[in-house]
Amino acid sequence: MSEAAALPAPEPALDPALTVGPAPATAGRPLLRLSDVHVYYGHIHALQGISLEVHPGEIVTLLGANGAGKTTTLKAISGLHHPRQGSIELDGQEITRVPAHALVRRGIGHAPEGRRIFGRMTVLENLQMGAYTRSDRAAVDADYERVFTLFPRLQERRSQLAGSLSGGEQQMLAIGRALMTQPKLLLLDEPSMGLAPILVEQIFQIIHDINRQGTTILLVEQNALMALGVARRGYILQTGQIVLADESAALAQNDEVRKAYLGG
Amino acid sequence: MIGKASPPAANPLRRTLRAIRDLASRLPQRHQSLTVIVGMAFVTAILPLVVLAPPLNGFGRQNDWLDGFANAGVFVLLAMGLNVVVGLAGLLDLGYAAFFAIGAYTYAYGASPFSGLDVPFWPMLLVGAAVAMVFGLLLGAPTLRLRGDYLAIVTLGFGEIVPVVFLNADTYTRGTNGISGVYQPVLPIVGNFGFGNPMPYYLTMAAIIAVAMILLYRLQDSRLGRAWMAIREDELAAASMGINTVTTKLLAFAIGASTSGLGGVFYASKLSVVSPDQFGFVISFTVLAMVVLGGMGNIWGVAVGAFVIYELQSQGLKQLNSFFGGLGLPPFHLGPLTVDLTSINFLEYQFLLYGLALVGMMLLRPEGLFPSRRRRAELRDEADAGAANEELVQA
C-alpha cells in the first residue's frame with residue numbers, strides 16, 4: 001500500500017529519433033497492434049483498414065474530424081464493436097473477438113465518449129464499479145488512493161451522486177473509474193470535450209501524470225494542439241483511413257495538419 | 001473517531017479508505033435479515049387482529065380477510081420477483097405471468113389426480129421455482145442480447161404464448177377446463193390446509209415472503225446487485241467495467257422467473273385448480289403496475305405497494321359499491337351524462353382506475369409510493385443527497 005509502489009514512474013525517454021525522420025521510432029513488441037481493421041455499422045464502412053501500433057509507456061493520439069472513425073477505433077479495441085475483418089493484438093495475443101468485459105481483465109481500460117458515468121451512484125460507488133473485476137483488496141485500496149491523489153476533487157465529492165458533478169468532475173471520474181480497472185492500456189475518448197479551457201489544461205496535465213506513472217495511453221481528441229503536446233506520436237484519421245502517422249512534433253509542423261486541425 | 005497516531009495530513013485519505021472498507025463490510029447486512037424477520041412476524045401477527053376492529057370487521061369475517069391476504073401475498077411475491085428484473089436490472093418484462101403459469105402447472109402435474117402423482121407441496125415449491133427458472137433461462141438466453149424495446153415485445157409474446165399452449169395442448173392440460181383437484185398442502189403442526197381454513201396458507205405465505213425478501217435483499221447488496229444497478233444505469237459503461245452484461249441480465253431474468261414460479265405453486269395449491277385464463281396479460285400488467293406504483297427498485301416498497309393495491313382492488317372497490325349504494329344519493333347530471341353512483345359497479349372499472357392511478361402517479365410522484373433511497377436522492381438537491389450518503393458512509 002506504499003505510495004511508492006503504486007507510482008512507478010518510468011519517464012518516457014525523450015526520443016532521439018524525434019528530429020531524425022518521419023518513421024515513428026518503435027522498437028520491440030507493441031502493446032497494441034491493429035492490422036488492417038475494418039469495421040462496419042450495417043452497410044456503412046466506418047473503418048477501412050486501420051493499422052496502428054501503441055508501444056509500452058507511450059501516449060499515442062488519434063486525431064481527425066467528426067465522423068472520421070476515432071471513437072469506432074476505440075470501440076473496436078475495447079471489444080464494444082467487433083471488426084468484420086482484420087486483427088487486433090494486445091501484448092502479442094489476438095483479441096479481435098474477445099468480448100468487452102473479458103478485455104477489462106486483460107488490461108484494457110476504456111473511458112468512453114461522453115463520460116458515461118453512473119449518474120445515480122456516488123463517486124465512490126462509481127470507482128468501486130471500476131474495481132469490479134478485481135479481488136486484490138490491498139492493491140485496490142492503493143488505487144483508490146492513487147485516483148484521489150490525481151483528482152483531489154473526487155475525494156472531496158466521494159459521497160456525492162455522480163450525476164450532480166460538474167462536467168469537468170465527471171470527466172475526472174470517468175478517467176478515475178477507468179484507472180480503477182488497473183489498465184495496461186488506457187483508452188481515452190475526447191477527455192476535453194465540453195470543458196472550459198482551464199479544465200482542459202488540467203485534464204491534459206493529469207493525462208501526462210498518469211502516463212508517467214506507467215500507464216500506456218491511446219488518446220482520441222478533437223483538440224489536436226493539446227493532444228500533440230502530450231503525445232509522443234500521432235495518427236491522423238480521415239473517413240475511416242489513416243492518412244498520416246508521425247512523431248507529434250513532426251505532425252505539429254506538418255502543413256496539412258496545421259491547416260486542417262490547428263487553425264493555420 | 002480521531003486516530004491516535006495518524007498524522008493530520010493523511011487524515012482525509014485515511015478516512016476515505018476507512019469509508020470504503022466500511023461500505024464493503026456493510027454488504028453482508030446481518031441486521032437487514034433480522035429486520036425483515038421481525039418486521040414480517042409483526043405484520044403477520046397484527047393483520048389478523050386489525051381486521052377484527054371496525055370498520056374492517058364490517059366488511060367480512062376474519063377468515064375471508066385472511067384468505068384475501070394469502071392471495072395478496074402471491075402478488076407480493078410476484079411483484080418482488082418482477083422488481084429484480086424491472087427495478088434492479090432495468091429490463092422491461094411484459095410477460096411475467098408466463099412463469100407464474102409454469103410454476104402453477106408444474107405443481108398441478110406434480111400433485112393432482114390428473115397426473116396421478118402426489119409429490120408433497122414443500123419440495124414442489126422448489127421444483128416449481130426451478131422449472132420456471134429453466135424457462136426463464138431458455139427465453140432469456142436468445143433474447144437478452146436485444147435492447148430494451150425488443151425485449152419488451154419478445155416477453156410480451158412469450159406471456160401470450162404460454163397460456164395459449166396450455167389452452168390448446170388439451171391432451172396434456174385439459175385445455176380450457178384446466179386441471180382440477182390439485183392437492184392441497186399437508187403439514188402436521190399447522191393443521192390441514194383447506195378452503196375453510198385459510199390460516200395455514202396465510203402463515204405459509206408470510207414465511208415464503210420473509211425468506212424471499214431476505215434472499216432478495218442479500219442479492220441486491222451483493223456484487224451481482226451492483227452489476228445489475230450498473231447495467232440499469234448504462235449498459236455500455238457496465239461492459240467497460242468488466243461486467244458480463246448478458247450473463248448478469250440472464251441471472252436477473254432467472255431469479256425473477258423462479259420467484260414467479262414459486263408464487264405459481266402456492267397459487268395452484270391454494271385454488272386447487274389451474275386453467276389458462278388465470279394467467280393472462282392482465283396478471284403481467286397488474287404486477288408491473290404494482291412494481292411501478294410501489295416504487296421500482298425498493299424491495300419492501302414494492303411489497304407494500306403490491307399488498308395495498310391488491311387489497312384496494314379486491315376489497316376497496318367492493319366497499320365503494322356498498323358505500324355509494326348505502327348513501328342513496330340521487331342521480332346527478334354531468335353535461336350530457338346522467339351519473340347514478342348507487343348503480344355503478346366499481347369492480348368493472350378496475351382497469352380504468354388502474355390507468356388513472358398510473359397516469360396520476362407519473363405526474364405527481366414518478367418515483368412511486370415508496371421509492372428506493374437512490375431514486376429519492378436523485379430527486380432531492382445534491383447537498384441533501386450528499387449528507388444522506390455521508391451519514392451512510394459514517395454509520
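For the numbers below, each heavy atom of this structure counts, side chains included, while hydrogens, waters and symmetry mates do not. Chain identifiers are assigned alphabetically (A, B, ...) following the order of the sequence lines, protein sequences preceding nucleic acid strands; residue numbering begins at 1 within each chain. Everything quoted here is computed from the prediction, not taken from an experiment.
Of the possible polar contacts, none joining the N83(B) side chain to the A79(B) backbone as a donor-acceptor pair under 3.5 Å is found.
Under the ring pair (Phe, Tyr, Trp, His ring centres under 6.0 Å) criterion, Y132(A) pairs with no residue, sequence neighbours left out. Annotation: salt bridge (Lys or Arg N to Asp or Glu O under 4.0 Å) contacts of D91(A) (sequence neighbours excluded): R29(A), K184(A).
Remark: K70(A) does not engage D189(A) in a salt bridge, criterion side-chain N to carboxylate O under 4.0 Å.
With a 4.5 Å cut-off on non-hydrogen atoms, T181(A) touches chain B through its side chain but not through its backbone.
Contact tally against chain B (heavy-atom pairs below 4.5 Å) for E156(A), M129(A), M180(A): the top residue is M129(A).
Taking 4.5 Å as the limit, every side-chain heavy atom of T133(A) sits out of range of all side-chain heavy atoms of I243(B).
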- Any chance you could lay out the salt bridge (charged side-chain N to carboxylate O under 4.0 Å, His left out) test for E235(B) and K249(B), step after step, and finish with the verdict? CA-CA 10 Å; E235(B) 201 170 327; K249(B) 290 194 289 183; 3.0 Å; yes

Only pairs under 3.5 Å count here: list side-chain donor-acceptor contacts from residues 79-88 of chain A, not counting sequence neighbours, and write none if there are none.
unit_1: H81(A); atom_1: NE2; unit_2: Y40(A); atom_2: O; d: 2.9
unit_1: H82(A); atom_1: ND1; unit_2: T96(A); atom_2: O; d: 3.0
unit_1: R84(A); atom_1: NH2; unit_2: G42(A); atom_2: O; d: 3.3

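Residues of residues 99-115 of chain A placed with any heavy atom under 4.5 Å of a heavy atom in chain B are listed by number as A100(A), H101(A), V104(A), R105(A), H110(A), P112(A).
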